[in-house]
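Working notes, beginning with the structure itself.
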Protein chains: 4
Amino acid sequence: MTLADSGPRSAGPARGRPRSEAVEIAILEGVMKLLEDGVPLAELSIERIARTAGVGKATIYRRWNGKEELFVDVMRAAEPPDPELPGTSMRDDLIVLLEALRRRGLKNRSSAIMHNVHAQMKSSPRIWNAYHTNVVNPRRELGMEVLRRGQRNGELRADVDLELANDMFTGPMLLRAVLRPDSELPEGLAEQIVDEVLAGLRPVSSPEP
Amino acid sequence: MTLADSGPRSAGPARGRPRSEAVEIAILEGVMKLLEDGVPLAELSIERIARTAGVGKATIYRRWNGKEELFVDVMRAAEPPDPELPGTSMRDDLIVLLEALRRRGLKNRSSAIMHNVHAQMKSSPRIWNAYHTNVVNPRRELGMEVLRRGQRNGELRADVDLELANDMFTGPMLLRAVLRPDSELPEGLAEQIVDEVLAGLRPVSSPEP
Amino acid sequence: MTLADSGPRSAGPARGRPRSEAVEIAILEGVMKLLEDGVPLAELSIERIARTAGVGKATIYRRWNGKEELFVDVMRAAEPPDPELPGTSMRDDLIVLLEALRRRGLKNRSSAIMHNVHAQMKSSPRIWNAYHTNVVNPRRELGMEVLRRGQRNGELRADVDLELANDMFTGPMLLRAVLRPDSELPEGLAEQIVDEVLAGLRPVSSPEP
Amino acid sequence: MTLADSGPRSAGPARGRPRSEAVEIAILEGVMKLLEDGVPLAELSIERIARTAGVGKATIYRRWNGKEELFVDVMRAAEPPDPELPGTSMRDDLIVLLEALRRRGLKNRSSAIMHNVHAQMKSSPRIWNAYHTNVVNPRRELGMEVLRRGQRNGELRADVDLELANDMFTGPMLLRAVLRPDSELPEGLAEQIVDEVLAGLRPVSSPEP
DNA sequence: GCCTAACCGAGACGGTACGTCACGTCTTTTA
DNA sequence: TAAAAGACGTGACGTACCGTCTCGGTTAGGC
C-alpha cells in the first residue's frame, strides 16, 4: 500500500492499459540507487530520477504529486522492518527498540536516505504529516505499547507521563543519530540510555517482583 | 562576526570601496521578513531575497557562496541571546536552559526560521558543520558547563556521562520542538523534564544540603 | 528550410512532441516587430525577444545557438523575393537587379533590419559564413548569371572578369546603401550606375553580330 | 586630437591633478593588443580592457562615454597614414589610393580591427557619425580631390558625377575587402579596377592633349 | 612647503542579460 | 488508456558586465 495515486481511477472495471507495477518499483529503486551512490539530495531532480529509472516524467507525476510525496514512499520502502521484541521485560524491549534506532543512525542505506530526505520533507507541512502518519507514528506506537505494558507490570511508576517517558528514551538517541550524525553511536549506547533513564522512572521501592 | 566573506581580501590595507554593512543587514533582515510573512522556504530564491532586500544578486554572492551559507548567518542572527542563568542550583539553571529551548519551539520569529532553515541546511555537510560550529555547539557548551558545575557540587552523580546527560535533558525537548512542531509544549514542560531526568542522575543519598 | 536546429533529432521516426512551427514564426516575427519599432539592436536581448514572442528562452536556444544564428534566419525571412528579370537585354536585367538593391537600402522593413543585424553578424565568422551561404551568395549568383548571358550575347566584352564586373555594378550601390545609409539613393541611380559602368565594358564596336 | 573628453574641465586654468596622457595611451594600446591577440570583439568588455591596461574602469569612463566612443579613437589610432600620391596622373593617383585600400583589407593590424570594430560602431548612429566625420570622410575627400583634378586635366569626362565616380572606384574594392574578407585581393587588383572603370569614364576621343 | 582639487587603482553597488537546468504540463507515437 | 520522448512557458541558477559610487592614496598647480 503506497501513497502513490493521483490517477483517474474513478470507478468501474479499470479501462485502458493498466499501470505497470514494474515501473513503480523501478522509480523507487532508482531513487534509492541514486541516494546510495552519494548523489546529494539537492541534485535529485524529478528529471534525473526519470532518466535513471528509464521512465517518462509524466509517469512519475501520474503516481505522485511531487518530489516530497515520492519521498514519503521512498522513506517507507527504506524503513527497516519493525524489530522483534523479546517480551521478557520492559527494559529488554526498550533496549531492542533503541538498538534498532541506533543502527538506523549508522552509515547505511536507511541512514543515507534518512539524514536528508527526512530534512527535505519538512518543507511541506502536508508531506510532513503524511510521513508522520505513515512512518513515524506507527513506529512510535510500538514504544508506547511497550511502556504501557511496563506500567501495568509495575516496571514503571504509575504517575509517569508515558508520552514524555517515550521522548526521554528516544530523544537522546535521535539527538545523536539525526543532529550529530558524525558522532560515535557506540554499541552499548542503547543499554546505557535505557538504564540511565529508567533509574528515575522506576517505582521507589521493589522494582521487580 | 559573520560567515560572510568570500572576498578577495588577500592582504594589505583594504583596497577598493569597502563593503557596506547596511547591505549585509538589509539582506539578513529581508530573509527574516520573508520567513515571518510565511513564505515557504522552497520559494526563498536568492533572486527573491535580492528583490526584497533591494540588492543585486551579485551582492549576495559576494558575501555568501549560496543559499545554505546565507542561512547559517540568518540562523545566527535569529538566535535569541543566551538566557541569564540564576546560578542558584544546577536544577534551576537547567530549567532556565530548557525553558529557553521550549520558547524557541513556539511559533515565533526564531521558530518560523528554525523549523525549516534548519532542515534546509542539512543538505550540505559543509554547511551543517558551519551551523554546528557557530550556532549549535556554543549553545550546547552552556549546558555542559552547568552540568560540570553540578557534578562538582554533588548535584549529579560523579559517574554520570555528562555528554549523555546533556542529551537526556535536551533530547526530549528538541524531539517535541523540532520533530513534532504542532505538539503542545506546555509551560511546565521544562521543569517536568528536568525533574524526571534528574531523578535518575542524583547521588543516591543526601542530594541537597 | 531554416538554420533552426540544434535538436537531438538523432534518427528514426521523430520521437516525443514535435517542435511547434507556430513558435518558430512567432519568434522571427517578434524580432522583426521589435526592429521595426525602432528598438536599437544593442537592446535586442534574447530575454526581450522571448518576452515579446511569448516564448521561453529555452525554446529559442533549442532552435538557435545564439543571437547571431537567429539573426541569420531573421535576415532570410526579411529578404525580399528575387526580382522578376525582364530578359530583354543584359542592361535591362542589371537595372532591375540594382533597382532591387536600391529599394532595399531605403528605410523599410528589410532596411531597418539589414543596416544593423547585418553588422551584428560580422562578429562571428561562423555566422558571417552562414549568412553568406544562405542569403548573400544565392542573390549574387543571380547577377553572375545575367552577366554570363550578356557575355554570350556579346553585350559584354569576352575578356571581362565577370566577378569583378559584378562588383563594379553592385559595389557602388552597396557603398551608398550600407555604408552611407543617410545618403539619397535617388530613383535613377540604378540606371545611372549601369550605364556608366557598362560604358567601359561593352565591346569596342558592333555590339550584336 | 582625440574624441577623448567628458571631463569636468568646466573653465579656469585647470585645477587639480591633470589627466595622465600615459594612461590614455595604455588604454588604446591595450585594446589594440587584445584585438591583435584575436580576442573576439564581443568579448571586449570595458572591464577586460581596464584589467588589461591596468587601469580603473572609471578612468576609462572619464575619457569616453562608452565602448563605441572609445572604438572611434581606436580606429583612428589604427588608421594607416594617408598614402603619398605621385601626382603624375589621375590614373596613377587612383591606383595608389586603391592599393592602400587593398592593403588595409589584408590580414593585418588595421584589418583585424576594422573588420569588426567597424561593424560594432554601426549600432549607434551617433558613433557611426563620429566615425565618418573623423575617419571615413577625410580619407574620402582625398579621392574626391584626385578626381576633381583629373576632370580639370581632361582625364575624366566633364559630365561625370564625381561622387558616383568615386563610388565606382572604391565600391568594388571595399565590397571585397569588407564583405568578402576571405577573398583573394590579388596584387594587380587596384590597377585592374582603375583601368576597367576608367574605360567608361574617359573622354570619347583624344584623352590627353 | 603646504592646500586642495582632480586624478588614479580597486572594487562594491543595483541592475540586466547571459546560457543552463528543472519545474509541471502538453502533445506526439507506439503499444 | 498507459508509456517514453521531448517540446512548452516559467522562473531560478550563478556569472559577467554595465555604468556609478566610494574608498585610500597620488600628483600637480596656486598660495
Side-chain angles (χ1 to χ4, degrees), chain A residues 7-8 14-20 23 43-48 50-51 53-62 65-67, chain B residues 7-9 12-20 22-23 42-51 53-63 65-67, chain C residues 7-9 12-20 22-23 43-48 50-51 53-63 65-67, chain D residues 7-9 12-20 22-23 43-48 50-51 53-62 65-67:
Chain A
R15 317 211 309 144
R17 175 174 172 178
R19 288 197 189 154
S20 160
V23 158
E43 296 177 14
L44 259 199
S45 55
I46 292 279
E47 217 131 89
R48 181 163 184 179
R51 232 177 299 134
V55 138
K57 277 198 293 176
T59 302
I60 295 179
Y61 282 108
R62 213 172 282 124
N65 276 325
K67 224 181 309 200
Chain B
R9 192 72 25 75
R15 317 216 297 159
R17 176 175 173 176
R19 294 205 185 144
S20 161
V23 158
E43 295 177 15
L44 258 199
S45 55
I46 292 278
E47 217 134 86
R48 183 162 183 181
I49 292 168
R51 234 177 297 136
V55 139
K57 273 199 294 177
T59 300
I60 295 180
Y61 283 109
R62 215 173 279 126
R63 292 170 160 71
N65 278 326
K67 225 180 307 199
Chain C
R9 191 71 26 74
R15 317 216 299 158
R17 175 175 174 177
R19 295 205 184 143
S20 160
V23 158
E43 295 176 16
L44 258 199
S45 56
I46 292 279
E47 217 133 85
R48 182 162 184 181
R51 234 178 296 136
V55 138
K57 273 198 293 175
T59 300
I60 295 180
Y61 282 109
R62 214 173 280 124
R63 289 169 162 73
N65 278 326
K67 225 179 309 198
Chain D
R9 195 68 30 75
R15 316 216 307 150
R17 174 177 174 177
R19 290 199 189 148
S20 160
V23 159
E43 296 178 15
L44 258 199
S45 56
I46 291 279
E47 218 133 88
R48 182 163 184 181
R51 233 178 297 134
V55 138
K57 277 199 292 177
T59 301
I60 294 180
Y61 282 108
R62 212 171 282 125
N65 277 325
K67 223 181 309 201

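First the proteins, then the strands, lettered A, B, ... as listed; each starts at 1.
When each of Val55(B) and Gly66(A) is assigned the nucleotide of DNA chain E bearing its nearest heavy atom, the one mapping closer to the 5' terminus is Val55(B). Positionally, the nearest nucleotide of DNA chain E for Glu43(C) lies more toward the 5' end than for the other of Glu43(C) and Ala58(C).
Of the candidates dT28(E), dA12(F), dC8(F), dA12(F) carries the atom nearest the Arg51(B) side chain, counting heavy atoms from C-beta on. Among the nucleotides dT22(F), dA12(F), dA3(F), the one closest to any side-chain atom of Arg17(B) is dT22(F). Closest contact between the side chain of Tyr61(C) and the listed nucleotides dC18(F), dC8(F), dT20(E) involves dT20(E). Listed nucleotides: dC8(F), dA17(E), dA2(F). Nearest to the side chain of Arg62(A): dA2(F). In the set dC8(F), dG14(E), dC18(F), the nucleotide with an atom closest to the side chain of Glu47(D) is dC18(F). Distances from the side chain of Lys57(D) to the nucleotides dC18(F), dG9(F), dT15(F) place dC18(F) closest. The side chain of Lys67(C) lies closest to dC18(E) when the candidates are dC23(E), dA12(E), dC18(E). Side-chain proximity of Arg15(C) to the nucleotides dC17(F), dA3(F), dA5(F) is greatest for dA5(F).
Distance check, rounded to the nearest 0.5 Å: OG of Ser45(B) to CZ of Arg51(B) gives 6.0 Å.
The shortest non-hydrogen separation linking Val55(C) to Ile60(C) is CG1-CG1, 4.0 Å. In terms of heavy atoms, Gly56(A) sits closest to Ala50(A) at C-CB, 4.3 Å. Shown here for Leu44(C) and Lys67(C), the closest heavy-atom pair between the two residues is O-CD, 3.3 Å. Between Arg63(C) and Arg19(C), the shortest heavy-atom distance links the atoms NH2-CB, 3.4 Å.
In this structure, Ile60(B) places its CD1 atom 13 Å from P of dA12(F), rounding to the nearest Å. For the pair Arg48(D) CZ and dG11(E) C1', the interatomic distance rounds to 19 Å; values are reported in whole Å. Leu44(C) has its CG atom 15 Å from the C1' atom of dC18(E), to the nearest Å. The CD1 atom of Ile46(C) sits 11 Å away from the P atom of dT20(E) (whole-angstrom rounding).
For dG9(E), one of the phosphate oxygens OP1 or OP2 lies less than 4.0 angstrom from a side-chain nitrogen or oxygen of Thr59(D).
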